[in-house]
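By convention in this document, chain letters (A, B, ...) are assigned in the order of the sequence lines, proteins followed by strands, and residues within each chain are numbered from 1.
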Number of protein chains: 2
Amino acid sequence: MTTARETEIMDFAEREMRKGGLDAFSFRDVAAAIGIKSASVHYHFPTKADLVQRVITRYADRFVGSLGAADAADETPHDRVARLADAYTGAYRQEGCSCLCTVLGSVVTYIPDGSPDKVRDFYNRLSQWLTTALEGKSTDLTPELVISILQGAMTLSVAVDRDAPIMDAKRYLLSVL
Amino acid sequence: MTTARETEIMDFAEREMRKGGLDAFSFRDVAAAIGIKSASVHYHFPTKADLVQRVITRYADRFVGSLGAADAADETPHDRVARLADAYTGAYRQEGCSCLCTVLGSVVTYIPDGSPDKVRDFYNRLSQWLTTALEGKSTDLTPELVISILQGAMTLSVAVDRDAPIMDAKRYLLSVL
DNA sequence: CGTTGTCTATCTTGTGATAGGTAGATACGT
DNA sequence: ACGTATCTACCTATCACAAGATAGACAACG
């Protein structure tokens, strides 16, 4: 069960984590943002590790879920990759921030407790989706390379504050797949 | 002028930043690692922002410098990209950690003072090198996409703790360039 | 009455940063 | 050569603050 309050907390935490990583927010920040006290945040999420793990898991569910079926018969691999690319470009355009797991992935050895496993789960699920999505398509690109291109371009776009890299990545993928 | 002590400090700071970002180390960590007191670290680098900026600049100089000439007449674009890819795979194999600016790039809006500009300088210099390096080569890949692929794969390799993504990225780039 | 969600108040730890002092080296004027 | 001044690189001690976390009380609801 996830209450409305917990959703509020996770929404804020996710937004901050995607912009600045684990240390970009504190329990006090969360509390101030939604109008309660930090002790109350601890009531819903005993430790920060708990909060981070739940945010990652929710993110993974939502992201992979939003991609839809990877094996719909009336679609081509091209269609499916287009949807994946749109998920990335959309996130950049609307929120100006990265994939949560890209931010956390590069510092995976420094995040607490079970979080690294949650990040790896995300990538495993995404790889699996792409493996199915590309089935039957002959290409030099592995599923993980498709992910790499999109995420690398996303990071670069954020870093240089221009959408060219992520838009070029999408265009390139759609031209070769 | 950079003294031996400052080099020691920056070496440690860079190593930690590449593994865990800005908040992965403190002045006390630095001091303990090299056997002095934190106040002495402040003597060499008045603020953390100072230290971070110098580390990024030094990293950029070293990384781009290590790539060598982008316009040597006896080389092909393929040769040059191979060298760039080796810089990434080498970093992963030897240090198991990412490009410094990949780690910082995704959180660029949360790092202090002049640091974002230093990160962007790095990418500008790398793009410029690649633009020259690819001159005359007909390809759909932009210089920034080449960077994206390598860095995205690097991040993924770190995240999932397998070298497959970064090795595949190198292989792919050399097959299409 | 028990549960739920919040509060106040507080603890401990770790952080970046500063003030002020000290030993040793170097430079300079007489 | 001698005394003075300055500089370098470190030290001790401490500050103010923000972090995660906990204990215990309170009100509302069933």
Side-chain angles (χ1 to χ4, degrees), chain A residues 1-58 103-104 107 109-116 118, chain B residues 1-58 103-104 107 109-116 118:
Chain A
M1 237 291 285
T2 298
T3 66
R5 193 57 107 187
E6 285 166 3
T7 301
E8 258 186 300
I9 293 170
M10 287 195 283
D11 285 348
F12 178 82
E14 179 184 324
R15 219 175 310 131
E16 295 302 301
M17 281 171 62
R18 287 172 69 178
K19 284 190 285 185
L22 269 180
D23 298 313
F25 74 100
S26 67
F27 274 69
R28 283 168 179 77
D29 292 337
V30 176
I34 68 177
I36 57 176
K37 298 294 168 182
S38 74
S40 306
V41 183
H42 278 284
Y43 168 78
H44 296 285
F45 302 92
T47 69
K48 194 165 185 178
D50 291 326
L51 173 54
V52 169
Q53 279 185 47
R54 296 243 334 246
V55 168
I56 300 174
T57 305
R58 188 185 70 153
V103 176
L104 299 184
V107 295
T109 58
Y110 273 65
I111 60 180
D113 301 42
S115 298
K118 304 292 180 199
Chain B
M1 236 291 285
T2 298
T3 65
R5 192 58 105 187
E6 284 166 3
T7 300
E8 257 187 301
I9 293 170
M10 288 195 282
D11 285 349
F12 178 81
E14 179 183 324
R15 219 176 310 132
E16 294 302 301
M17 282 171 62
R18 288 172 69 177
K19 284 190 285 186
L22 268 180
D23 298 314
F25 74 100
S26 67
F27 274 71
R28 282 167 181 75
D29 293 335
V30 176
I34 67 176
I36 59 176
K37 298 295 169 180
S38 74
S40 307
V41 183
H42 278 283
Y43 167 79
H44 296 286
F45 302 91
T47 69
K48 195 165 184 179
D50 291 324
L51 173 54
V52 169
Q53 280 187 45
R54 297 238 341 242
V55 168
I56 300 172
T57 305
R58 188 186 71 152
V103 176
L104 299 184
V107 295
T109 57
Y110 272 64
I111 61 180
D113 301 41
S115 298
K118 305 291 181 200

List, with names and distances, any nitrogen or oxygen atoms from the protein found under 3.5 Å away from nitrogen or oxygen atoms belonging to nucleotides 5-7 of chain C.
| residue | atom | partner | partner atom | Å |
| --- | --- | --- | --- | --- |
| C:dG5 | OP2 | A:Tyr43 | OH | 2.9 |
| C:dT6 | OP1 | A:Arg5 | NE | 2.6 |
| C:dT6 | OP1 | A:Arg5 | NH2 | 2.8 |
| C:dT6 | OP2 | A:His44 | NE2 | 2.5 |
| C:dC7 | OP2 | A:Lys37 | N | 2.6 |
| C:dC7 | OP2 | A:Ser40 | OG | 2.8 |

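Here the range on DNA chain D touched by chain B, meaning any atom under 4.0 Å from one of its heavy atoms, is D:dT8 to D:dT12.
The distance between atom CG of B:Asp113 and atom C1' of C:dG16, rounded to the nearest whole Å, is 13 Å. Residue B:His42 contributes atom NE2, which lies 16 Å from atom C1' of C:dG20 at whole-angstrom precision.
Residues passing the side-chain hydrogen bond (donor to acceptor under 3.5 Å, both in side chains) test with B:Thr47 are B:Asp50, sequence neighbours excluded. Remark: B:Arg5 pairs with B:Glu8 by the side-chain hydrogen bond (donor to acceptor under 3.5 Å, both in side chains) rule, at least two apart or across chains. Residues that satisfy the side-chain contact (heavy atoms from CB on, under 4.5 Å) test with B:Arg58, not counting sequence neighbours, are B:Thr7, B:Met10, B:Asp11, B:Glu14, B:Arg62.
Proximity of A:Val52 to A:Leu22: side-chain heavy atoms (C-beta onward) are separated by under 4.5 Å at one or more points.
Among pairs with a residue in residues 31-45 of chain B, none fulfils side chain to side chain donor-acceptor pair (under 3.5 Å), at least two apart in sequence or across chains.
Interatomic distance, CZ of A:Phe25 versus CE of A:Met17, reported as 6.0 Å (0.5 Å rounding). Atom CD1 of residue A:Ile56 and atom CG of residue A:Leu51 lie 9.5 Å apart, to the nearest 0.5 angstrom. To the nearest 0.5 Å, atom OG1 of residue A:Thr3 and atom CD1 of residue A:Ile9 are 7.0 Å apart.
Within the nucleic acid shown, B:Phe45 has no heavy atom closer than 4.0 Å to any nucleic acid atom.
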